[in-house]
Every structure is written in C-alpha cells, then in structure tokens.
Amino acid sequence: VVGNIGTPYTSVALDTKDETVTVAEISSFQLETIQDFQPAVSAILNITEDHLNRHHTMEEYIRVKELITGNQTKDQVCVLNYDDYNFDDDEDEVLRTFGESGQVKAKVVYFSSLRELPQGIFLRGKEIVLRAGEKEFVITTTDRLKILGRHNHENTMAAAAMAYYAGVPVENIKNGEWEKFGTPAVLSPDASQKGLLKTVGGKVKLIPIDLAFPVLHGKYGEDGTIQGLFELAQIPYVGNGVLSSSISMDKAFTKIIAK
C-alpha cells in the first residue's frame with residue numbers, strides 16, 4: 001500500500017514484480033506527467049475544488065484527475081462515483097458524465113450512496129450491495145463499519161468494488177477483516193477527564209490522552225473538524241489550530257492569504 005501519505009510509491013517501485021499487487025493513491029500532480037501508468041482497476045471517488053494553485057481552473061483539475069484512465073483498456077475497470085457533482089452546478093454529475101462520455105476505454109463501474117443501481121455497488125438501507133451481471137452480493141452493513149458518515153460508506157463501496165474487480169473473492173471482501181483493527185471509542189463529554197471512553201467487558205473505561213497527534217487526511221482531518229473536537233474536550237494536540245486548519249484546507253484560498 002503506497003501513496004500520498006505513508007510509503008512513497010518510488011521507494012518500492014524497483015522491488016515490484018509482475019505478480020505484485022500494489023494499492024496506490026495517485027495525486028493529480030503525478031497524473032499530470034504519466035506515460036505508461038496503467039492500473040488494472042482505477043477509481044475516482046469525487047472531485048472537489050482543490051489544488052487550484054497548481055491547476056488554476058476546475059476544468060484543468062478535472063481533466064488531470066481523469067487521466068488515471070488514460071492508458072486503461074477494455075479489459076480493465078474504472079470505478080466512479082455516480083452522484084459526484086460539479087461544485088458550481090448541482091445538476092452536472094461530473095464523474096457520471098465522464099463515465100458515459102465514451103472517453104473511458106475501461107469497463108465503468110459506478111457506486112452510489114443515494115440510489116439503487118442496476119449494476120455496480122450501492123447503499124440499500126443499511127446494506128452495501130454489489131451487483132455484477134446477474135449476481136448480487138450484500139458486502140456488509142453500515143452498522144458493522146467502524147467508520148461513520150456517508151463519505152466513508154462511499155469509500156467502503158469503492159474499495160469493495162475495486163477489490164472485487166481485481167479478483168478478490170467476495171467472501172474475502174465480506175468477512176470483515178478490517179473489524180479486527182481498531183476499538184470503538186468516543187471523546188469523554190467531561191472535558192476534565194481529557195480522554196476517550198471505550199467499553200471493555202461491558203464496562204466503560206477511560207483512556208487518558210496526554211497529547212493527540214492527528215494523522216488524518218482530507219475532510220474532517222485537515223479542515224479543523226477534529227481539531228475543534230480536541231479543543232472542546234480540552235485535549236492538547238499537535239499541528240494547526242481550528243482556524244488555520246479550516247483556512248489552509250483550501251489551497252487556493254491559502255495562497256491568496258499568503259500573498
């Protein structure tokens with residue numbers, strides 16, 4: 001697993017073999033100059049206004065993001081968000097339009113958290129359902145997930161679809177391996193406790209926190225949300241505060257202020 005956060009792709013590229021399976025997060029900065037990059041399964045989860053200090057316009061940013069499919073063939077797969085829309089036009093579903101445009105040579109598979117799809121992966125009540133041809137599988141339910149929010153349900157759908165079309169057996173996707181990691185917990189509503197509350201053996205246990213080190217990426221992690229929660233709980237944390245986080249999340253706005 002390589003990408004923007006964690007292990008750089010370049011640090012392992014020379015160690016990969018023909019049979020190596022690499023899961024990579026590819027930035028728009030990298031996609032600008034690709035030549036032979038050809039993922040067996042690609043995905044674009046959403047397109048929101050970002051990195052305009054480099055790409056200058058949303059049209060160019062969208063074009064660069066869509067380059068991830070540029071070298072794919074009809075035997076490969078591209079997973080797209082059926083409900084993603086243009087930031088200034090709610091009626092223009094950017095990724096759906098791209099998938100239906102004929103520009104994508106790969107097989108297009110959509111995911112949706114808002115509607116049931118005839119093919120693809122979607123949210124039906126609490127069920128995350130995958131339809132592939134005449135087959136239908138319930139991959140999991142949202143109340144089993146340790147991650148909350150519609151965006152995380154969409155992340156789960158995209159990951160499940162990518163795994164399925166990469167050849168991972170459905171049972172291996174469904175068996176909930178991720179549930180073996182992490183422990184459900186909440187910030188204590190009593191700020192004087194400065195910690196997390198979790199249930200152990202039917203009893204609530206306090207886990208004191210001396211200092212929080214946020215390593216979250218993107219929405220809710222870098223936009224001041226988690227920082228605000230820490231401040232409400234009076235837990236010291238490393239990094240930018242609420243205001244600077246919320247401002248610097250928008251790179252173009254940050255550049256304007258910095259000037």
[Y] reachable from [X] in the ILVMFWY side-chain graph, under 4.5 Å edges:
X	Y	answer
V168	M157	yes
I34	I47	yes
I207	F230	yes

Please examine the side chains of [Y] and [X], heavy atoms only from C-beta on, and report whether any two atoms are closer than 4.5 Å.
X	Y	result
I226	Y237	no
L145	N152	no
I128	T156	yes
S28	Y61	yes
T73	K105	no
I209	K194	no
K198	L196	no
V12	T22	no

Kindly determine whether V129 and L117 satisfy side chain to side chain contact (heavy atoms under 4.5 Å, CB included), including the steps that lead there.
CA-CA 9 Å; V129 181; L117 300 175; over 6 Å; no
Decide whether [X] and [Y] meet the rule of one side-chain donor and one side-chain acceptor closer than 3.5 Å.
X	Y	result
Y165	Q76	no
S188	D190	no
S246	D223	no

Could you grab the distance from atom [atom1] of [X] to atom [atom2] of [Y], nearest 0.5 Å is fine?
X	Y	atom1	atom2	answer
M58	K65	CE	NZ	9.0 Å
L67	L31	CG	CG	6.0 Å
L197	L206	CG	CG	6.0 Å
E93	L80	CD	CG	13.0 Å
K174	Y164	NZ	OH	11.5 Å
I121	H153	CD1	NE2	12.5 Å

Would you say that more than 12 heavy atoms from the other residues, nucleotides or ligands in this model lie under 6.0 Å from the [atom1] of [X], or not?
X	atom1	value
D210	CG	no
D143	CG	yes
E19	CD	yes

Answer yes or no: is there an ion pair linking [X] with [Y], defined by an N-O contact shorter than 4.0 Å?
X	Y	answer
R63	E66	no
D75	K107	no
E100	R96	no
R124	E136	yes

Do the side chain of [X] and the main chain of [Y] share a donor and acceptor less than 3.5 angstrom apart?
X	Y	value
S42	P39	no
Q227	G224	yes
S101	Q103	yes
E127	T140	no
T69	Q72	no
S244	N240	no
Q119	G133	yes
S11	T7	no

Please assess R115 against D83 for the test salt bridge (Lys or Arg N to Asp or Glu O under 4.0 Å), listing each intermediate value before the final yes or no.
CA-CA 9 Å; R115 68 201 80 202; D83 306 309; 3.0 Å; yes
Taking all atoms of both residues into account, what is the closest heavy-atom pair of [X] and [Y], and its distance?
X	Y	result
N71	F37	ND2-O, 3.0 Å
I173	A163	CD1-CB, 3.8 Å
R131	P118	CD-O, 3.4 Å
N81	N46	ND2-CB, 4.4 Å
M162	A43	SD-CB, 3.5 Å
V104	C78	CG1-CB, 4.1 Å

Aromatic plane relationship, Y82 with Y110 - under 30° parallel, 30 to 60° tilted, over 60° perpendicular:
perpendicular
